[in-house]
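For reference, the structure discussed in these notes is given below.
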Amino acid sequence: MIKQVVAFVENQKGIMWQMTAALRKKGIRICGMSTVDSPEFGIVRMIVDQPEEAIHCLTNMGIVVKACEVIAVALSKSEEMESVLQVIQDGNVNLNYFYSSFGGDMDCPLLILNAADMDETEAMLLGHGFACLDVIG
């Protein structure tokens with residue numbers, strides 16, 4: 001599993017640029033990102049190459065940040081996303097959310113997953129031959 005950085009931000013003009021610029025200035029590379037918004041606030045989920053440094057940087061900006069573990073599945077072919085989801089379906093796993101990532105230095109896309117039972121889900125995917133990463137860089 002890898003660490004995901006989750007930022008809770010006010011839904012205001014320029015906040016995404018401010019966050020990404022601050023991370024870039026610290027030499028932190030964003031490898032994947034997903035956003036969810038409402039009229040007042042947004043949730044930004046990020047996969048970065050230096051999660052602890054990203055948490056520190058964003059916290060210093062006054063942004064509420066937390067970290068959680070997610071499963072990063074390396075996809076070698078586009079049709080593998082459906083295969084991953086089929087394994088999850090067959091295993092009766094409660095999938096909370098997922099999104100794709102461009103994977104940093106990797107040549108393949110990643111599928112970022114959060115499920116009710118992370119250890120069981122990762123073991124199930126590994127058992128079906130999927131590559132689950134423990135570091136992004």
Side-chain angles (χ1 to χ4, degrees):
M1 282 181 247
I2 62 170
K3 191 175 286 190
Q4 171 184 254
V5 176
V6 183
F8 301 90
V9 295
E10 287 186 51
N11 197 355
Q12 63 184 15
K13 182 179 177 181
I15 190 66
M16 294 300 293
W17 177 84
Q18 292 169 20
M19 289 173 47
T20 58
L23 294 173
R24 180 183 46 77
K25 286 179 185 173
K26 295 288 185 182
I28 300 166
R29 188 175 59 238
I30 300 170
C31 304
M33 181 181 284
S34 172
T35 62
V36 179
D37 73 333
S38 71
E40 293 87 29
F41 69 93
I43 300 171
V44 182
R45 294 181 173 109
M46 292 181 280
I47 303 301
V48 296
D49 64 343
Q50 302 173 64
E52 294 303 326
E53 291 82 354
I55 291 166
H56 182 72
C57 176
L58 296 173
T59 300
N60 284 343
M61 293 175 63
I63 296 172
V64 176
V65 182
K66 75 171 199 163
C68 66
E69 288 191 326
V70 291
I71 301 168
V73 183
L75 301 177
S76 60
K77 300 177 279 188
S78 61
E79 63 267 13
E80 276 196 0
M81 181 178 76
E82 184 179 359
S83 299
V84 170
L85 296 175
Q86 184 68 58
V87 168
I88 289 169
Q89 172 68 24
D90 292 347
N92 199 30
V93 171
N94 181 16
L95 186 61
N96 297 325
Y97 61 85
F98 75 95
Y99 60 96
S100 61
S101 168
F102 34 95
D105 290 338
M106 298 191 59
D107 291 332
C108 63
L110 301 175
L111 191 60
I112 307 299
L113 306 169
N114 183 284
D117 187 329
M118 297 288 284
D119 291 328
E120 179 183 328
T121 302
E122 184 177 48
M124 185 173 37
L125 290 167
L126 289 169
H128 280 83
F130 290 103
C132 298
L133 307 180
D134 58 3
V135 67
I136 298 288

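Nothing here was measured: the structure is a model prediction, and the numbers come from that model.
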Side chain to side chain contact (heavy atoms under 4.5 Å, CB included) assessment of L85 paired with Q89
CA-CA 6 Å; L85 296 175; Q89 172 68 24; over 6 Å; no
Tell me which donor-acceptor pairs under 3.5 Å the side chains of residues 53-62 have, and how far apart each pair is, sequence neighbours excluded?
from	atom 1	to	atom 2	distance (Å)
H56	NE2	N60	ND2	3.1
T59	OG1	I55	O	2.7
N60	ND2	H56	O	3.4

Could you grab the distance from atom [atom1] of [X] to atom [atom2] of [Y], nearest 0.5 Å is fine?
{"X": "F130", "Y": "L113", "atom1": "CZ", "atom2": "CG", "value": "10.0 Å"}
{"X": "L95", "Y": "I88", "atom1": "CG", "atom2": "CD1", "value": "5.0 Å"}
{"X": "D49", "Y": "I28", "atom1": "CG", "atom2": "CD1", "value": "7.5 Å"}
{"X": "C31", "Y": "M46", "atom1": "SG", "atom2": "CE", "value": "11.5 Å"}
{"X": "M81", "Y": "L111", "atom1": "CE", "atom2": "CG", "value": "7.0 Å"}
{"X": "L23", "Y": "M33", "atom1": "CG", "atom2": "CE", "value": "7.5 Å"}

Taking side-chain hydrogen bond (donor to acceptor under 3.5 Å, both in side chains) as the definition, give me every residue that meets it alongside [X], ordered by chain and number, with sequence neighbours left out.
{"X": "E69", "value": "none"}
{"X": "N92", "value": "none"}
{"X": "Q12", "value": "none"}

Treat each ILVMFWY residue as a node, draw an edge where side-chain heavy atoms are under 4.5 Å apart, and state whether I30 and V6 are in one component.
no
I need the minimum non-hydrogen distance between E80 and A74, along with the two atoms involved.
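Of all heavy-atom pairs spanning E80 and A74, the closest is OE1-O, 3.9 Å.
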Nearest non-hydrogen partners of A72 and I2, listed with the distance
CB-CD1, 3.6 Å
Would you give me the side-chain donor-acceptor pairs under 3.5 Å for residues 119-127, sequence neighbours excluded?
from	atom 1	to	atom 2	distance (Å)
T121	OG1	D117	O	2.8
E122	OE2	M1	N	3.1

Test item: [X] and [Y] side chains (from C-beta on) under 4.5 Å apart, heavy atoms:
{"X": "Q50", "Y": "K26", "answer": "no"}
{"X": "I43", "Y": "F8", "answer": "yes"}
{"X": "I15", "Y": "V44", "answer": "no"}
{"X": "L110", "Y": "L75", "answer": "no"}

Mind checking side-chain contact (heavy atoms from CB on, under 4.5 Å) for Y97 and listing every partner two or more places apart, or none if nothing turns up?
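By the side-chain contact (heavy atoms from CB on, under 4.5 Å) rule, Y97 matches Q4, R45, C68, V70, Y99, N114.
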